[in-house]
Every structure is written in C-alpha cells, then in structure tokens.
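Here is the structure we will look at.
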Amino acid sequence: MEYTVRQISDERTLKSVLDMCYSILGEHYEGLYSYEAWKRRLDRSYLLLYAESGGEPIAAVLGRAESAESVVIGFAACRERFRKKGVTSALVRAFENNARRHGYSKITLTSYNNAWGFYESCGYDVIEEKYGKKTYCKWI
C-alpha cells in the first residue's frame, strides 16, 4: 500500500484531516481540540501530520506544544481499512522525529482502551490510569 506522510500547512487541508479525525473519533471537539484551536497551531505544522493515499487523508497524528520541553499528541486516528498496516506507527515515528528536531524531549497523550496496545507497542509508558483512560509518556 502506498501513502505519503505530509505536514498540514493550510486551512483547507486542516479541515479535511479534522473532518476525517472527527468522523473516526465520533464527535466534534470544542476548546483545546476544536477546529479553531488547531488552526491557531498551523505555525507549528511539524506537529500536524497526516498520511495521504489517492489524494485523501487516511490517518493523522496531531499534536500541540505543552511547554518548551513537552508536546501532547491530541489526535491519532486512522481510517478503518488502513489500520494494522503500519501507517499510524509511521506517523507517530515522524511526529517523534519532528518533535525531537524542534527541541522537545517528552511526548504525552491520553487514550481510551481501544488504543492502549498500540501506544505501548510504540514505546509509550503508562504514567497514570483513571476513569477508563491511560495517560502515556515517552522521552525522546
């Protein structure tokens, strides 16, 4: 399967990728993960990655700076027919490399149980578990 990893650098692409993420994650988000909040982060497009196949987004890993040393993966989503093919793992690795190159040393994220095995296979360690969610951390 062929796909290309790209950075989101414009509002049209951001909308397309977020529409995909919202459809997979099952809701539109407000506040920290709203369209407007992601739009304000376009200046750090190295933290806004997606995979494209046939001109359409098939997976995404979108992050935000939390501090000068830490970034948060806010969204990680993949269309069902492209899962278990290494696409999201490749996006996570690209995200980690980009974060490291830009001076970050830590990545955190929170996940529900359907993705726990995935993040653990990517080398993330559980630092907290409550309310049916796990918070993960990886030093890069």
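A quick note: this is a predicted structure, and the numbers were derived from the prediction, not measured.
Counting only heavy atoms from C-beta outward, the side chains of Ser89 and Phe118 approach each other to under 4.5 Å. Two residues are said to be in side-chain contact when any heavy atoms from C-beta on lie closer than 4.5 Å; Val126 and Tyr119 fail this criterion. You'll find the side chain of Leu109 stays beyond 4.5 Å of the side chain of Thr135, heavy atoms only. Between Ile24 and Arg79 the shortest side-chain heavy-atom distance falls below 4.5 Å. For the pair Tyr136 and Ile127, the minimum side-chain heavy-atom distance is 4.5 Å or more. Taking 4.5 Å as the limit, some side-chain heavy atom of Leu49 sits within range of a side-chain heavy atom of Asn98. For the pair Ile107/Phe95, a side-chain contact is recorded, criterion being any heavy-atom separation below 4.5 Å from C-beta on. Between Met20 and Phe75, every side-chain heavy-atom pair lies at or beyond the 4.5 Å cut-off.
Tracing side-chain contacts under 4.5 Å through hydrophobic residues (I, L, V, M, F, W, Y), one reaches Leu32 starting from Val17; they form part of the same cluster. Cluster membership check: Val61 shares its hydrophobic cluster with Met1, using side-chain heavy-atom separations under 4.5 Å among Ile, Leu, Val, Met, Phe, Trp and Tyr.
Here Cys21 contributes atom SG and Tyr35 contributes atom OH; the two are 13.5 Å apart, rounded to the nearest 0.5 Å. Considering CD of Glu11 and NZ of Lys39, their distance stands at 4.5 Å, rounded to 0.5 Å. One finds the CG atom of Leu47 at 9.5 Å from the CG atom of Leu62 (value rounded to the nearest 0.5 Å). Taken to the nearest 0.5 Å, the NZ atom of Lys138 stands 13.5 Å off from the OG atom of Ser105. Once rounded to the nearest 0.5 Å, the distance linking NZ of Lys15 with CZ of Arg12 reads 12.0 Å. With rounding to the nearest 0.5 angstrom, the NZ atom of Lys134 is 11.0 Å from the CG atom of Asp125.
There is no side-chain donor-acceptor pair under 3.5 Å between Asp19 and Ser16. Side-chain contact, Tyr50 with Gln7: no donor N or O sits under 3.5 Å from an acceptor N or O.
Using a 30° and 60° split on the angle between ring planes, Tyr46 and Tyr104 fall in the tilted class, from 30° to 60°.
For the residue pair Val71 and Ala65, the shortest heavy atom distance occurs at CG1-CA, 4.0 Å. Residues Ser111 and Trp116 approach most closely at O-NE1, 2.9 Å, considering heavy atoms. Closest approach of Gly63 and Leu48 over heavy atoms only: O-CD2, 3.7 Å.
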Review point. Under the side-chain contact (heavy atoms from CB on, under 4.5 Å) criterion, do Ile58 and Glu52 qualify, and how do the steps go?
Key: CA-CA 6 Å; Ile58 61 169; Glu52 174 183 86; over 6 Å; no
Exercise for review: Under the side-chain contact (heavy atoms from CB on, under 4.5 Å) rule, what do Glu120 and Tyr124 come out as? Steps first, then yes or no, please.
Suggested key: CA-CA 5 Å; Glu120 290 163 15; Tyr124 286 77; 6.0 Å; no
Practice item. In sequence, state the C-alpha distance, the side-chain angles, and the governing distance for Ser45 and Ser9, and then conclude on side chain to side chain donor-acceptor pair (under 3.5 Å). Key: CA-CA 6 Å; Ser45 64; Ser9 58; over 6 Å; no
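Within the structure, the side-chain hydrogen bond (donor to acceptor under 3.5 Å, both in side chains) test picks out the following pairs touching residues 53-66 (sequence neighbours left out): Tyr33-Arg64, Glu66-Ser70.
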Would you tabulate the side-chain donor-acceptor contacts of residues 80-87 under 3.5 Å, counting partners in other chains and residues two or more places apart, or write 'none'?
from, atom 1, to, atom 2, distance (Å)
Arg83, NE, Cys78, O, 2.9
Arg83, NH2, Cys78, O, 3.0

